[in-house]
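The sequence lines fix the lettering, A, B, ..., with proteins before strands; numbering per chain opens at 1. Predicted model, so just to flag it, every value in this text is computed and none were measured.
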Amino acid sequence: MTSPSPQTSTTTERYNAREAEPRWQKIWDERGIYRTANGDPRPKYYVLEMFPYPSGRIHIGHGRNYVMGDVVARFKRMKGFNVLHPMGWDAFGLPAENAAIERNTHPGKWTYENIATMREQLKLLGLSLDWSREIATCDPSYYGEQQRIFIEFLKAGFVYRRESEVNWDPVDNTVLANEQVIDGRGWRSGALVERRKLAQWFFRISDASEELLAGLDTLERWPDKVRLMQRNWIGRSEGLHVRFALENAAAELPQEIKVYTTRPDTLFGASFLALSPGHPLTEALAAGDPALKAFVEECRRGGTSTAEIETQEKMGYDTGLKVAHPLGGPSVPVYVANFVLMDYGTGAIFGCPAHDQRDFDFATKYRLPIVPVVLPTGADPAQFSVADGPYDGDGTLFNSQFLDGKSVPHAKEAVALRLENEIRGNEPVGERAVNYRLRDWGISRQRYWGCPIPVIHCESCGPVPVPEDQLPVRLPEDVTFDQPGNPLDRHPTWKHVACPQCGAPARRETDTMDTFVDSSWYFARFASEPGTAPLQKDAADAWLAVDQYIGGIEHAILHLLYSRFFIRTLQKIGRVSVKEPFAGLFTQGMIVHETYKDQAGKWLFPEEVEKRPDGTAVRVGTDEPVTVGAPEKMSKSKRNVVPPEVVADTYGVDCARWFMLSDTPPERDSEWTSAGIEGAWRFVQRIWRLVGDTVALAPAATAAPADFGAESTALRRASHRLAANVADDVERLRFNVAVARVHGFANEFGDALSAARKAKTVAPDLAFALREAASILVSVIAPMVPHLAEECWTVLGGAGLAATAHWPASDPALLVDDSVTLPIQINGKKRGEITVPKAASPAEVEQAVLALDLIAEALDGRAPKRIIVVPQRIVNVVA
RNA sequence: GCGGACGUGGCGGAACCGGUAGACGCAGCGGACUUAAAAUCCGCUUCCUUACGGAGUGCGGGUUCGAGCCCCGCCGUCCGCACCA
């Protein structure tokens with residue numbers, strides 16, 4: 001893209017961002033104005049952007065949420081709050097291990113080098129961060145505390161261990177993350193992935209389902225969308241557990257199967273029962289049935305990701321078993337079916353093909369009866385058919401004995417009542433149950449670059465927590481990545497330790513924790529001052545909850561739900577007092593940019609492309625045409641990135657900040673364009689000129705005169721209103737509206753300045769109003785373009801720094817007008833205007849309107865049918 | 001399939017609780033300044049119409065004195081979830 005180089009201009013009146021920005025950053029840094037102290041008497045405000053993964057370098061697209069958070073932080077500081085605005089690094093994770101393999105380096109070295117680079121890039125953006133509280137989750141002091149918390153959770157019963165399936169690469173002999181499985185094959189080896197069971201650690205998040213669901217109602221400053229996504233994810237349902245008695249099971253087998261159903265009303269439509277391949281009864285049967293065993297293995301093939309499971313065709317295996325119908329209907333056969341999930345409900349279902357798509361598909365394939373039992377309202381029972389597909393709507397029961405004629409909810413209730421009161425073997429046959437989709441959180445990862453799980457496995461004592469005085473369990477440095485598998489597992493010495501309980505030779509847990517654990521409490525770590533214990537109750541209680549959390553919508557479910565669970569659990573064990581970590585949440589949109597490809601189909605960087613006036617694009621310095629693609633999320637692979645350094649050198653970071661806040665509402669995706677950044681540059685220069693012009697016309701600050709004329713009063717109204725309105729906009733994170741308002745004011749202010757310039761002299765009241773306007777303008781833009789604001793502040797002779805100044809107070813008297821201009825409608829169409837005193841009564845307004853010529857013409861001598869006067873708003877005359 | 005959001009000029013988007021639709025910016029056009037250019041400043045810029053005037057917030061209806069906003073029915077786009085019994 002062709003870009004002018006504004007900074008190469010030597011015109012002295014121009015604002016020189018490249019010179020000013022580093023200078024102010026140095027001054028802020030030296031004075032430590034963004035360092036936050038605990039125990040400050042001012043009210044607290046905690047603003048936080050989701051911390052980044054140190055992947056290498058940032059591009060300007062990453063900057064948007066940090067800039068938004070920075071505007072809030074700076075604004076709240078000006079409003080008198082003690083603001084905490086920290087930054088850290090989500091530093092553990094798989095990419096570091098991949099980099100280690102590719103570059104033959106250590107994951108820690110790679111990570112810390114990236115952190116160093118990205119820290120400098122973030123500093124370039126002029127963010128008002130308290131860098132003294134910086135943390136990296138891969139720091140032993142951080143993950144050591146996490147191990148301590150893990151052990152406390154374990155002792156309090158929030159953690160347990162069980163077998164669970166993983167993706168297994170049989171060639172590389174390694175566990176794969178879901179994203180490493182591509183089309184059912186290992187990403188590196190290309191081998192067909194298998195599901196294999198491993199003993200793994202779980203957090204009991206599903207026990208918290210109900211409170212996590214209920215807690216959503218308290219999160220009023222969260223987007224409804226995110227709350228809804230979490231609600232669906234938790235997936236509460238109400239149903240019935242029903243015990244089906246087996247009629248022909250061998251004596252050594254269980255004699256019944258328990259199923260969960262949300263549709264007990266359709267029991268008379270049941271034509272089969274289906275067990276999950278992982279169901280204990282399936283396993284018991286498979287032990288003596290090689291064909292079933294083969295079927296179960298067939299079901300196991302393929303990855304564990306839901307995407308893969310869900311695309312499989314329905315398959316079943318008839319076990320030959322039969323169950324009695326609990327309400328006296330005919331017996332039904334028992335199948336094992338691949339589509340029944342072991343993790344949900346009881347791992348067994350009853351199938352009612354007439355009213356469920358999956359059951360319908362299954363019954364059709366295996367030629368099982370399809371008996372409709374719910375008749376849509378108004379349908380003719382003789383005509384109604386489900387031959388073309390199941391019916392899952394409301395209606396009236398039929399073909400259902402004692403349920404016939406009842407509505408679906410009434411039938412559900414009737415079945416529940418009947419089965420609850422039917423006792424078999426001391427227990428009711430049916431029991432009402434609430435079920436949740438949410439499953440326990442598996443945190444074991446067979447990886448090196450993560451927080452070691454602080455447990456020692458002993459042959460005789462079982463899993464034993466690492467004693468407090470041996471924490472943190474540090475990652476060994478001397479590891480290699482030249483072969484697949486977990487380096488911790490094959491390290492020669494690391495895992496061999498004595499059992500803390502009996503002293504016998506034992507083995508360390510070699511799994512590390514899911515990195516979502518790291519990000520589930522980092523915001524609590526920021527609360528305690530540097531050099532102190534990572535999780536201090538007093539500090540955490542003082543700062544939490546985060547008042548404004550800002551990040552991408554992609555974390556709407558997992559990160560935010562896990563953090564909510566983690567903080568609730570910390571609260572239960574007495575480590576913190578709050579229950580919800582984030583009081584306010586905002587999800588910002590991405591920065592997108594056009595993509596460019598050359599003739600060979602190779603991606604090009606924006607700076608390699610030149611736009612011609614005729615609308616075509618070519619490679620810089622050539623005639624080679626370039627294909628311009630739709631704007632997409634900035635990404636390294638597509639090369640549609642803009643590095644922050646380039647923007648800073650060309651226009652200055654204030655331009656980038658202003659541009660990122662302009663035009664597009666912050667929750668939507670925003671397109672980065674050269675026209676946009678140039679517009680921001682023009683604006684920055686314009687502010688600079690407005691301030692310069694002000695000082696030229698009114699060189700010295702003066703005390704407020706006793707009286708103001710019409711011109712100066714009008715200007716003061718505009719500037720005082722600006723301060724009030726922008727405060728409101730920023731408070732509501734409507735940055736694009738705030739920007740538009742500043743533009744509007746700049747237009748008015750510019751007009752006032754040129755009018756003053758044309759007049760021979762500037763009266764004292766106008767001189768005061770001009771300087772006041774400039775000062776308010778500078779204060780109002782300070783959170784958004786902080787460097788420019790400092791430079792202007794200096795020119796205006798402001799005390800101290802713009803960054804530490806107070807938000808300008810608006811004189812209430814200047815915010816209200818004493819007269820108001822009302823539009824006049826005739827039959828709902830605007831035909832004129834009238835200016836009346838603000839205090840005018842509706843009757844007075846009505847009289848004034850009727851006296852107007854345009855009304856007399858419209859009425860043509862007739863009396864109006866009706867006149868609606870909405871005070872301060874509008875007048876509508878119905879002719 | 002289920003759930004949700006959105007649909008306003010050439011473009012990004014404003015419009016508070018149902019009350020002047022198109023603020024502000026971008027792009028474009030015209031003008032001033034300049035030897036010239038850049039920069040800057042001024043003006044125009046929803047559509048139709050020479051004008052008067054009329055139409056207009058995806059489409060069709062409705063409620064209302066008045067609808068971008070509320071209700072009903074469509075169409076389209078985007079997002080999330082999905083064998084959850």
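Atom C1' of nucleotide B:A85 and atom CG of A:Asn435 are separated by 9 Å, given to the nearest angstrom. Atom CZ of A:Phe244 and atom C1' of B:A85 are 12 Å apart (whole Å). Separating the CG atom of A:Asn232 from the C1' atom of B:G3 is a distance of 6 Å, rounded to the nearest angstrom. The nearest whole Å value for the distance from the CG atom in A:Asp729 to the C1' atom in B:C16 is 11 Å. Between the CD atom of A:Glu748 and the P atom of B:G25 there is a distance of 12 Å, rounded to whole Å. Put simply, CG on A:Leu228 is 7 Å from P on B:G4, counting in whole angstrom units. Taking atom CG on A:Leu722 and atom P on B:C24, their separation rounds to 14 Å, with Å as the unit. Atom P of nucleotide B:G3 and atom CG of A:Asp392 are separated by 10 Å, given to the nearest angstrom.
Nucleotide B:G9 is shown with a syn base, its glycosidic torsion being within 90° of 0. With a glycosidic angle no further than 90° from 0, B:C17 counts as syn.
The same atom, P, is picked in B:C2 and in B:G73; the two are 15 Å apart, to the nearest Å. A gap of 11 Å separates the C1' atoms of B:G62 and B:A67, to the nearest Å. For the P atom pair drawn from B:U20 and B:C69, the interatomic distance equals 13 Å after rounding to whole Å. Nucleotides B:C59 and B:G76 have their C1' atoms positioned 10 Å apart, rounded to a whole Å. Separation of the P atoms belonging to B:A21 and B:U57 is 12 Å when rounded to the nearest angstrom. Nucleotides B:G3 and B:A23, compared at atom C1', are 35 Å apart to the nearest Å. With C1' as the reference atom, B:G7 and B:A14 are 16 Å apart, rounded to whole Å. For the C1' atom pair drawn from B:G4 and B:G12, the interatomic distance equals 24 Å after rounding to whole Å.
The environment of CD in A:Gln847 is sparse: at most 12 heavy-atom neighbours from other residues, nucleotides or ligands sit within 6.0 Å. When the shell of 6.0 Å around CD of A:Glu431 is examined, it contains 12 or fewer heavy atoms from other residues, nucleotides or ligands.
Every residue two or more places apart in sequence or in another chain that forms a side-chain contact (heavy atoms from CB on, under 4.5 Å) with A:Val332 is listed here: A:Leu273, A:Val323. With sequence neighbours excluded, the residues forming a side-chain contact (heavy atoms from CB on, under 4.5 Å) with A:Val434 are A:Arg236, A:Glu238, A:Tyr436, listed by chain and number. With sequence neighbours excluded, the residues satisfying side-chain contact (heavy atoms from CB on, under 4.5 Å) with A:Ser819 are A:Thr835.
Pair check for B:G3 finds B:C79; Watson-Crick or G-U wobble, both atom distances under 3.5 Å. Under the Watson-Crick or G-U wobble criterion, with both distances below 3.5 Å, B:G66 is left unpaired in every strand shown. Using the Watson-Crick or G-U wobble rule with both distances under 3.5 Å, B:A32 pairs with B:U40.
A donor and an acceptor atom, one from each side chain of A:Ser237 and A:Asn435, are nowhere located under 3.5 Å apart.
You won't find any donor-acceptor pair under 3.5 Å spanning the side chain of A:Lys225 and the base of B:C79, going by distance alone.
Every pair tested for salt bridge (charged side-chain N to carboxylate O under 4.0 Å, His left out) that includes a residue from residues 267-276 of chain A fails, sequence neighbours excluded, so the list is empty. Within the structure, side chain to side chain donor-acceptor pair (under 3.5 Å) pairs that include any residue of residues 726-745 of chain A comprise A:Lys76-A:Glu731, A:Asp728-A:Arg732, A:Asp729-A:Arg741 (at least two apart or interchain). Sequence neighbours left out, the pairs with a member in residues 745-757 of chain A that pass side chain to side chain donor-acceptor pair (under 3.5 Å) are A:Arg686-A:Asn747, A:Asp693-A:Arg757. Residue pairs that meet the side chain to side chain donor-acceptor pair (under 3.5 Å) test with at least one member in residues 866-877 of chain A, sequence neighbours left out, do not exist here.
Nucleic acid contact class of A:Val340 (heavy atoms, under 4.0 Å, all strands): base.
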Item to check | Per-nucleotide protein contact string for nucleotides 5-15 of chain B (B base, S sugar-phosphate only, - none; heavy atom under 4.0 Å) | outcome: -------BSSS
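Within the structure, a side-chain polar atom (N or O) of A:Arg866 is placed less than 4.0 Å from OP1 or OP2 of B:C65. Residue A:Arg437 places none of its side-chain N or O atoms closer than 4.0 Å to OP1 or OP2 of B:A85.
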Using a 3.5 Å cut-off and no angle test, enumerate the donor-acceptor pairs between side-chain atoms of residues 262-272 of chain A and protein atoms at least two apart in sequence or in another chain.
residue: A:Arg263; atom: NE; partner: A:Asp265; partner atom: OD1; Å: 3.1
residue: A:Arg263; atom: NE; partner: A:Asp265; partner atom: OD2; Å: 3.3
residue: A:Arg263; atom: NH2; partner: A:Asp265; partner atom: OD2; Å: 3.1
residue: A:Thr266; atom: OG1; partner: A:Arg263; partner atom: O; Å: 2.9
residue: A:Ser271; atom: OG; partner: A:Pro369; partner atom: O; Å: 3.0

Output one line per pair: protein atom, nucleotide atom from nucleotides 52-54 of chain B, and distance, for all N/O pairs under 3.5 Å.
none

Taking only nitrogen or oxygen atoms into account, show me every contact under 3.5 Å that the protein makes with nucleotides 37-48 of chain B, one pair per line with its distance.
residue: B:U40; atom: O3'; partner: A:Arg689; partner atom: NH2; Å: 3.3

Pick out the pairs of N or O atoms, protein on one side and nucleotides 19-21 of chain B on the other, that lie under 3.5 Å.
residue: B:U20; atom: O2; partner: A:Lys830; partner atom: NZ; Å: 2.8

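Aromatic ring centroids of A:Phe659 and A:Trp681 lie 6.0 Å or more apart.
The NE2 atom of A:His593 sits 11.0 Å away from the CD1 atom of A:Ile60 when rounded to the nearest 0.5 Å. Of the inter-residue distances, the one linking A:Glu210 atom CD with A:Leu438 atom CG reads 11.5 Å to the nearest 0.5 angstrom.
The 5' end of RNA chain B is approached more closely, in terms of each residue's nearest nucleotide, by A:Asn827 than by the other of A:Asn827 and A:Met229.
A tilted orientation is assigned to the rings of A:Tyr366 and A:Phe362, their planes being inclined by 30° to 60°. Ring geometry, A:Phe350 versus A:Phe244: the interplanar angle falls from 30° to 60°, so the pair is classed tilted.
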